[in-house]
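These notes are about the structure you will find just below.
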Amino acid sequence: MEENFLSNLNEDQKKAVISTDGPNLIVAGAGSGKTRVLTTKLAYLIKNKKAWPNQILCVTFTNKAAREMQNRVMNFFKGAKNSVSWLGTFHSISVKFLRRHAEALGFKSNFTILDTDDQKKLIKKVIEGENLDAKKYSPQLILAIIDKWKNKGQLPNDVKGKFDPIEKIVHKIYKIYQQKIKDLNCMDFGDLILYSVQLFEKNSDIRQIYQKNFKYILVDEFQDTNFIQNKWLNLLVNEKNNICCVGDDDQSIYSWRGAEIKNFLTFDKLYKDCKIFKLQQNYRSTKNILDTASILISNNKSRIGKKLLSKKNDGELVKLNCYQTGRDEAEGVSDIIENNLQKKFSLNDITILVRAIYQTREFEERFLKIGLGYRIIGGMRFYERAEIKDLVAYLRVISQKTDDLALERVIGVPKKGIGESTLNQIYTFSNKEKLCLEDAIAKMIREGLFKPKIKIALEKLINSLNKWREDSKKIKHYDLIKTIIDESGYSQMLKNKKDIENENRLENIKELIRAMHDYENLQSFLEHVSLATSIDQNWEGDKINLMTMHAAKGLEFEVVFLPGWEEGLFPHQKSLEEKGDFALEEERRLAYVGITRAKQEAFISFAMRRVYHGDWVDALPSRFVGELPEKNIEKNESQNFKDDTDFDFNQDIQIEFDDEYRSPGWERFKRKNKLIK
DNA sequence: AATGCAGCCATTTTT
DNA sequence: TGGCTGCATT
């Protein structure tokens with residue numbers, strides 16, 4: 001059995017697996033089998049009776065990764081009944097803690113998790129309540145600052161230091177906002193981690209229970225943890241310091257979300273007797289692909305530095321294609337797929353990775369036109385669609401009466417003849433009486449504060465909600481939703497609409513009902529709704545994948561297309577403006593992540609002109625293009641221009657020879673192609 | 001209160 | 001380009 005476990009591993013991997021006790025840091029390059037190591041370690045701990053499955057805390061970056069790991073471990077132990085119960089993302093594990101111990105923090109166990117949309121709406125309400133200019137203080141901006149504080153583990157009373165005028169206001173809003181969501185018995189994403197930390201800090205008895213229980217802690221993608229997540233981990237590590245973190249500094253791409261690479265780089269300072277393992281054998285990509293990625297990333301100054309060795313053959317050269325326009329690029333990519341790739345690969349093996357999600361649109365249009373199947377991972381997510389949010393809002397209020405945000409949506413759809421003014425009255429009343437919206441409405445009805453028409457509408461709604469709550473005790477949640485769709489007038493509303501989108505809406509609702517079957521009860525379904533990540537959507541059928549490079553982290557594909565390598569788009573201008581050289585290096589890491597997703601073939605491309613904001617914009621090749629190693633690359637720019645008689649290449653260069661737009665990559669690109677001396 | 005239209009703005013990445 | 005806000009109309 002033990003042979004079975006370890007025989008698939010190389011020497012370095014084996015060492016990392018069997019070093020179970022004390023702090024361990026595994027520095028694992030792209031494609032070096034870090035997930036395999038982590039999974040094997042998990043199984044190894046169980047097999048050797050070092051711990052029971054429920055005594056291991058294992059944190060992954062996405063739910064998908066958690067699920068895969070769960071499956072793999074179960075495969076090790078065929079017929080085992082115990083799954084690894086504490087395996088999940090920081091957020092999903094936190095929810096588990098918080099549901100159990102909500103009272104200790106003054107919450108009720110059935111709290112609702114707010115999404116970004118809810119957060120913004122709530123902040124907007126606070127801004128309006130404070131009579132502030134919503135233009136100057138956009139919810140977006142305020143939320144970003146609040147999130148930053150939360151990522152650092154600071155609740156309103158902990159935030160200190162010198163405030164600039166804006167931060168002063170934001171702090172005030174933060175205070176009110178935080179109180180409000182607590183009153184609503186809701187938590188946002190940041191709260192899940194933050195309150196877990198607070199739970200353990202304030203209740204050492206509770207902390208000790210878990211600390212004792214978790215004999216081992218395993219952490220994946222450690223390079224992308226932020227301050228508060230690191231603290232969360234440190235609070236749970238037992239006195240033997242049995243914590244094993246896996247990561248790759250070259251794949252740290254989430255600093256904008258508060259991730260601190262410092263956690264990774266100073267791990268051995270925090271845990272003095274830490275053992276460090278390096279995995280440097282790449283089993284994923286061909287030599288050409290790996291060399292391309294390695295040379296590119298070597299332009300970064302701040303990195304631990306490691307040399308990845310490919311276990312594969314040279315493979316195809318990495319193709320570098322230059323197109324005239326964004327549309328040509330989409331056409332070119334689809335041509336390559338149709339003419340060359342479809343013979344060798346299934347569509348599922350082919351993925352297009354973009355910097356920003358809106359870039360998928362051009363490809364979408366093309367694939368629709370020629371009838372190639374595709375799926376977009378991320379973007380407008382399933383649970384962000386209006387009809388889905390509507391129905392989920394009904395479920396939320398039923399599950400928790402105090403969810404005012406959901407009730408407000410419910411009041412709005414289908415239309416009940418209740419508008420802003422009535423809503424404002426209700427809000428005023430609920431503030432005064434310190435009641436949630438629903439209770440406020442009920443009381444206002446009793447006191448006869450509504451006009452007859454409105455009273456009838458609201459009375460009907462309240463009665464329905466109560467009925468559905470009763471129903472929910474008797475019938476399955478996936479039947480409950482059907483009742484709601486029917487009795488709320490939602491289905492009638494859809495029937496009355498006659499636009500093209502309607503079919504899609506009905507499809508989505510069917511899919512919602514189907515998805516509900518996968519969950520035991522209403523609450524666990526609602527939890528899934530708020531914590532599902534973009535890559536948690538369905539991967540069924542044989543289709544080309546479209547997603548951002550961020551979303552592709554941890555995944556691998558036979559063929560990868562990397563379009564849009566243009567200055568301003570990639571590296572993205574906004575990131576450079578914000579954080580300069582630091583951001584540039586992160587963009588480069590993103591490029592590294594992108595290239596290293598490919599197993600057999602990689603196609604990098606850029607366009608000379610592109611439609612942006614509705615009009616044509618000239619583009620320059622990304623500086624990263626100039627950093628690609630000549631010997632591993634096959635360039636296909638020339639024939640594009642040869643075929644095109646309208647295009648005066650020299651003239652275009654002159655136009656673009658503004659200092660402002662000059663990028664190092666472009667200079668080098670031209671030199672290589674003998675466009676300049 | 002609901003609908004419709006004009007003009008505005010924006011597009012980085014997400015648990 | 002297109003989605004969203006705000007204003008005017010019904």
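- Stacking of A:W256 onto the six-membered ring of B:dT13 is present: less than 5.5 angstrom between centres, less than 30° between planes.
- Considering only residues two or more places apart in sequence or on other chains, A:V170 meets the side chain to side chain contact (heavy atoms under 4.5 Å, CB included) condition with A:I142, A:I145, A:I146, A:W149, A:I166.
- Residues satisfying the side chain to side chain donor-acceptor pair (under 3.5 Å) test with A:S252, not counting sequence neighbours, are none.
- In this structure A:Y254 satisfies the side chain to side chain donor-acceptor pair (under 3.5 Å) test with no other residue, sequence neighbours excluded.
- Qualifying side chain to side chain contact (heavy atoms under 4.5 Å, CB included) partners for A:S255, counting only residues two or more places apart in sequence or in other chains: A:K579, A:F582, A:E586.
- Geometrically, A:R99 engages A:F111 in a cation-pi contact, judged by NZ or CZ lying under 6.0 Å from the ring centre and within 45° of the ring axis.
- If you check distances only, the side chain of A:R361 never reaches the base of C:dT1 with a donor-acceptor pair under 3.5 Å.
- Every side chain to side chain donor-acceptor pair (under 3.5 Å) that A:S196 has, sequence neighbours left out, goes to A:S94.
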Detail all sub-3.5 Å separations between protein N/O atoms and N/O atoms belonging to nucleotides 2-10 of chain B.
{"residue": "B:dA2", "atom": "OP1", "partner": "A:G417", "partner atom": "N", "Å": "3.0"}

Between the protein and nucleotides 7-10 of chain C, list every N/O to N/O distance that falls short of 3.5 Å.
none

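- Distance CG (A:N226) to C1' (B:dT13): 15 Å, rounded to an integer number of Å.
- Under the side chain to side chain contact (heavy atoms under 4.5 Å, CB included) criterion, A:S92 pairs with A:N63, A:T89, A:L531, not counting sequence neighbours.
- Applying the salt bridge (Lys or Arg N to Asp or Glu O under 4.0 Å) rule to pairs touching residues 137-149 of chain A yields nothing, sequence neighbours excluded.
- Residues meeting the side chain to side chain donor-acceptor pair (under 3.5 Å) test with A:T548, sequence neighbours left out: none.
- Heavy atoms of A:S530 sit nowhere under 4.0 angstrom from any nucleic acid atom.
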Pairs counted only when both distances fall under 3.5 Å, Watson-Crick or G-U: show me the 5' to 3' dot-bracket for DNA chain B, [ ] for pseudoknotted crossings and | for other-strand partners.
||||||||||.....
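- Residues meeting the side chain to side chain contact (heavy atoms under 4.5 Å, CB included) test with A:Q140, sequence neighbours left out: A:K120, A:S138.
- Among the protein residues, A:S575 comes within range of the nucleic acid bases, having at least one heavy atom under 4.0 Å from a base atom.
- Counting non-hydrogen atoms under 4.0 angstrom, A:F90 reaches nothing in the nucleic acid.
- Here the two rings, on A:F97 and A:Y195, have centers that are 6.0 Å apart or farther.
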